[in-house]
Amino acid sequence: MIQNPKGTHDIFGSEMTIYQAIRELYINICNSYGFKEIILPIFESSNLFQRGVGESSDVVRKEMYTFLDKGGRSITLRPEFTAGIIRSFIQNKMYANEELPVKLFYHGPTFRYERPQSGRYRQFHQLGVECVGLNSYLLDSEIIALGYDFLVNLGLKDIVTLKINTLGDEETRNNYRNALKEYFANYIDKMCDDCKSRYELNPLRILDCKIKEDQELIKNAPKISDYLSEKSKDRFNKLVAYLDELGIPYAIDESLVRGLDYYSETVFEFHVKNNDEIDIGAIGAGGHYSSLVKELDGPDMHGVGFSFGAERLISVVKDNSEKLGLNFDDQLAVYIMPLGNDKVREEALSIAIALRQSGIPSQICYEEVKINNMFKRAERKNALIGIIIGEDEIKKEEVQVKNLSTKEQIAVSYESLVDTLFEMLPHDDCHCHDHDDCCCSDENESEVGESEKCCCHHHK
Ligand code: AMP
């Protein structure tokens with residue numbers, strides 16, 4: 001049997017329901033913050049990531065899916081979104097044609113050839129934002145606020161921690177890099193092979209090492225706070241003071257350096273704790289970048305962004321749904337149960353199509369099973385209303401409509417079916433509360449009759 005490639009996975013069933021809810025919430029929040037969606041190619045020229053993400057990052061050194069296409073071009077499946085967004089920002093001259101900062105959001109698959117383990121895949125999905133064109137601690141704050149708002153709205157407020165740090169400006173990082181080189185020079189023989197090359201390429205990366213022996217050495221390494229330039233210190237102080245003002249809790253973590261080379265000044269990660277209060281790792285991360293746009297041949301402009309891992313969000317939401325009272329169960333308005341042959345099922349399908357056209361989600365039981373089994377299926381689908389139809393009903397041009405929670409059952413003519421169902425279905429199912437003049441919202445019920453603006457299909 002053909003299996004999926006190592007490190008990939010299928011998202012379906014209850015996980016897909018959660019992912020859809022996460023995506024919908026994410027899109028709504030991004031829209032409310034004034035971000036516009038962008039869809040980028042899944043693959044780009046390899047040199048975009050080599051130059052953008054950085055030669056010293058693990059992502060570029062070890063994890064890229066790179067191949068030559070049939071035209072002999074070196075292509076890479078995107079290992080992250082930021083470089084692609086900046087490529088598009090420059091290529092489409094967004095910096096000149098649009099108001100700054102340009103605010104973009106995205107979601108989609110990402111590829112890294114990593115060692116597969118729990119929460120770590122070779123194809124995973126990210127949801128993120130980039131805000132490009134201006135440099136201000138306020139934009140860093142707004143991005144952090146967006147990420148935090150998203151997690152709060154997902155119901156994760158009580159288990160999420162925001163870790164934050166500053167990598168300072170170029171002057172800071174140059175001084176700090178030298179201090180780290182001096183310190184680690186004494187221990188180079190004891191360090192892992194990866195850290196030996198990190199020492200040469202970018203000693204800041206050593207602070208990211210997860211190997212226990214190296215972590216012991218890292219504990220006593222120089223701290224970045226001792227090397228911050230006055231400007232960077234002031235920028236960071238303003239940022240954290242403003243987060244205090246916004247009521248966003250955070251913990252400053254000086255070992256936070258992030259795995260991609262382009263970051264400067266603010267960096268942050270959102271972590272979650274499991275039931276034993278143990279940090280199970282980052283579900284989202286991001287930061288500010290000062291020179292990425294310029295390095296990719298664009299204007300001298302800054303940006304800030306973050307990215308959440310969809311698979312990690314799905315598993316956190318799934319694991320905590322009971323504890324946090326989260327409910328992502330699907331609900332179905334109508335389940336139609338035809339009793340008889342294909343002619344009856346044909347009629348059931350025609351009714352389902354008519355109901356769907358009126359905005360009432362409906363499904364049919366196609367399998368020939370006993371009526372008790374059909375009701376069990378309706379229950380498993382969280383259906384609110386069951387419709388039973390057989391040959392007798394077809395002759396009379398009516399159906400049996402059963403409220404599946406109260407168990408009340410009535411005969412309803414074809415003609416009045418849509419109106420009866422609208423009366424029976426909770427108004428929450430109807431999205432027309434957005435419209436002031438819709439008679440489905442209680443306040444206006446007596447005042448308004450027919451309205452063309454209403455999307456609930458209650459009104460013609
Ligand atoms: P990064 O682009 O490395 O800053 O990662 C941003 C987020 O993407 C992380 O916080 C994770 O939630 C997620 N992520 C990164 N790598 C993987 C992976 N291999 N598998 C699943 N999720 C990942």
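Residue numbers start at 1 and run along the sequence shown. Remember, it's 1-based here, ligands and their atoms both numbered in the order they're listed.
Taking the six-membered ring for Trp and the full ring otherwise, the centers of His107 and Tyr26 sit at least 6.0 Å from each other. Here the two rings, on Phe306 and Phe308, have centers that are under 6.0 Å apart.
The existence of a salt bridge linking Asp297 and Arg51 is confirmed by a sub-4.0 Å separation between a basic side-chain nitrogen and an acidic carboxylate oxygen. Salt bridge Glu15/Lys318: present, at least one basic N to carboxylate O contact under 4.0 Å. Arg377 and Glu367 are joined by a salt bridge, as a carboxylate oxygen and a charged side-chain nitrogen come within less than 4.0 angstrom of each other. A salt bridge links Glu230 with Lys233: the distance from a Lys NZ or Arg NE/NH1/NH2 to an Asp or Glu carboxylate oxygen falls below 4.0 Å. Using a 4.0 Å cut-off between charged nitrogen and carboxylate oxygen, Arg120 and Glu114 count as a salt-bridge pair.
Atoms of ligand 1 lying under 4.0 Å from any heavy atom of Gly284, numbered from 1 in the order shown and given with element: 10 (O). Atoms of ligand 1 found under 4.0 Å from any heavy atom of Ala282 (numbered from 1 in listed order, with element): 10 (O), 11 (C), 12 (O). For ligand 1, the atoms lying closer than 4.0 Å to a non-hydrogen atom of Gly119 are 20 (N), 21 (C), 22 (N). With ligand atoms numbered from 1 in the order given, ligand 1 contributes 6 (C), 7 (C) to contacts under 4.0 Å with heavy atoms of Ser307. Residue Ile283 has at least one heavy-atom neighbour below 4.0 Å for each of these atoms of ligand 1: 10 (O), 12 (O). Annotation for ligand 1: atoms under 4.0 Å from non-hydrogen atoms of Glu114 are 16 (N), 17 (C), 18 (C), 19 (N).
Contact annotation: for Glu269 versus ligand 1, there are no heavy atoms closer than 4.0 Å. Only side-chain heavy atoms of Gln126 come within less than 4.0 Å of ligand 1; its backbone N, CA, C and O stay farther off. Of all the heavy atoms of Arg312, the ones lying under 4.0 Å from any atom of ligand 1 belong exclusively to the side chain.
A cation-pi arrangement is not found for Lys62 relative to Tyr113, the charged atom failing to lie both closer than 6.0 Å to the ring centre and inside a 45° cone about the ring normal.
The N/O atoms of Tyr121, backbone and side chain alike, include one that comes under 3.5 Å of an N/O atom in ligand 1. Considering both main-chain and side-chain atoms, Phe124 never comes within under 3.5 Å of ligand 1 through any nitrogen or oxygen pair.
Phe422 approaches Ser358 most closely through the heavy-atom pair CZ-O, 3.4 Å.
The shortest side-chain heavy-atom distance between Phe35 and Ile29 does not fall under the 4.5 Å cut-off.
Relative to atom 3 (O) of ligand 1, the option among Arg112, Glu63, Glu80 with the closest non-hydrogen atom is Arg112.
Assignment of Arg120 to the shell around ligand 1 is supported, since a heavy atom sits closer than 4.0 Å.
Among all non-hydrogen protein atoms, the one lying nearest atom 4 (O) of ligand 1 is Arg258 NH2, 2.1 Å. Protein heavy atom closest to atom 13 (C) of ligand 1, with residue, atom name and distance, is Gly309 CA, 3.6 Å.
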